[in-house]
Amino acid sequence: MAARKGSKSAVAKAAAKKVARNPVKTAGRKGASTARNAPPRSAPYEQGKWAAAFRPRAAGERRYWLVKSEPEAFSFDDLLAAKDRTTCWDGVRNTAARNFLRDGMKRGDQVFFYHSMAEPSGVVGVCEVVREGYPDHTAFDKAHQYHDAGTVPETPTWFMVDVRAVRALPRLVPLAEIKAEKALAQMALVRVGRLSVVPVTPEEWERVLAMSARTP
DNA sequence: GCCAACGTTGGC
DNA sequence: GCCAACGTTGGC
């Protein structure tokens with residue numbers, strides 16, 4: 001079973017709209033999607049806002065990330081229950097997030113699993129990158145919820161990684177607590193709320209782990 | 001290249 | 001349901 005990430009209802013809604021109300025858009029999207037393919041896989045990101053996430057690594061350096069999923073669509077428990085506790089992270093349709101998936105995340109990187117649109121929203125578990133960026137096949141599937149008419153397998157626009165669950169946190173760390181924590185004020189999660197894949201610094205990683213290990 | 005209209009994310 | 005933030009689109 002393919003896991004469905006991102007915002008299920010919103011994506012479904014968007015897909016429905018795309019098909020129902022604007023068939024002309026399909027023609028227009030081809031060109032747009034070529035543009036969306038840039039920058040290429042080996043592009044230098046030094047100028048970008050997220051430069052640190054793409055900088056060359058020291059030997060053996062491990063990086064940290066956070067991915068969001070609506071638990072109603074795919075929860076951390078769903079990941080624990082999945083075959084090999086592993087899933088492909090499909091359905092991401094945002095270029096910044098795509099760049100992290102395609103170029104930033106490397107095997108062995110540690111990833112927070114975050115529940116969005118939840119009661120409460122927060123970090124629930126740890127997983128690990130077990131397969132690096134490869135094309136998100138759901139984009140090519142006409143019947144799929146995440147279909148993107150503007151992209152073809154020869155020049156894929158959307159990418160995903162595979163992640164495997166490592167462990168659930170001792171307790172969920174709610175977004176409200178993260179926001180209240182001075183040391184976490186710079187977290188990408190807090191600063192750029194709508195991104196569904198974001199980098200986490202080693203310091204932020206440790207802090208969130210520490211918060212999960214104690215009662216507030 | 002500018003920018004207005006529009007769409008999406010996701011908290012509240 | 002509302003709305004802030006911001007990405008995308010497309011006209012010019």
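Chain letters run A, B, ... following the sequence lines, proteins first, then strands; residues in each count from 1.
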Listing, residues 208-216 of chain A side-chain donor-acceptor contacts under 3.5 Å, not counting sequence neighbours, or none:
from, atom 1, to, atom 2, distance (Å)
Ser212(A), OG, Leu209(A), O, 2.8

Please tell me if [X] has a side-chain N or O lying less than 4.0 Å from either OP1 or OP2 of [N].
| X | N | result |
| --- | --- | --- |
| Lys179(A) | dC12(B) | yes |
| Lys68(A) | dT9(B) | no |
| Tyr114(A) | dG11(B) | yes |

Can you give me every donor-acceptor pair (side chain of residues 108-115 of chain A, partner residue at least two apart or in another chain, under 3.5 Å) with its distance?
from, atom 1, to, atom 2, distance (Å)
Asp109(A), OD1, Arg57(A), NH1, 2.8
Asp109(A), OD1, Arg63(A), N, 3.0
Asp109(A), OD2, Arg57(A), NH1, 3.4
Asp109(A), OD2, Arg57(A), NH2, 2.8
Asp109(A), OD2, Trp65(A), NE1, 2.8
Asp109(A), OD2, Lys106(A), N, 3.0
His115(A), NE2, Phe76(A), N, 3.0

Measure [atom1]/[X] against [atom2]/[N] and give the value in whole Å, please.
| X | N | atom1 | atom2 | value |
| --- | --- | --- | --- | --- |
| Met117(A) | dC2(C) | CE | P | 15 Å |
| Glu119(A) | dC12(B) | CD | P | 10 Å |
| Leu195(A) | dT9(B) | CG | P | 11 Å |
| Leu66(A) | dT9(B) | CG | C1' | 14 Å |
| Leu189(A) | dG10(B) | CG | P | 10 Å |

List the residues meeting side chain to side chain contact (heavy atoms under 4.5 Å, CB included) with Thr201(A), not counting sequence neighbours, and say none if there are none.
Glu203(A), Glu204(A)

Do Trp158(A) and Asp148(A) have side-chain N/O donor and acceptor atoms under 3.5 Å apart?
yes

Under a 3.5 Å cutoff, is there a donor and acceptor pairing between the side chains of Asp141(A) and Tyr146(A)?
no

Give me the atom names and distance for the closest heavy-atom approach of Val92(A) to Ala97(A).
CG1-CB, 3.5 Å

Where Ala165(A) and Leu80(A) come nearest, the two heavy atoms and their spacing
CB-CD2, 3.7 Å

For atom CZ of Arg164(A), decide whether the heavy atoms of other residues, nucleotides or ligands shown that lie under 6.0 angstrom number more than 12.
no

Pair up each side-chain donor or acceptor in residues 178-185 of chain A with any protein partner under 3.5 Å, not counting sequence neighbours, and list the distances.
from, atom 1, to, atom 2, distance (Å)
Glu181(A), OE2, Arg207(A), NH1, 2.9

Hey, what are the protein-to-nucleotides 4-7 of chain C N/O distances that come in under 3.5 Å?
from, atom 1, to, atom 2, distance (Å)
dC6(C), O3', Arg194(A), NH2, 3.1
dG7(C), OP1, Arg194(A), NH2, 2.4

If you fit an axis to the five pairs at each end of the helix from dG1(B)-dC12(C) to dC12(B)-dG1(C), how big is the angle between those two axes, to 10 degrees?
10°

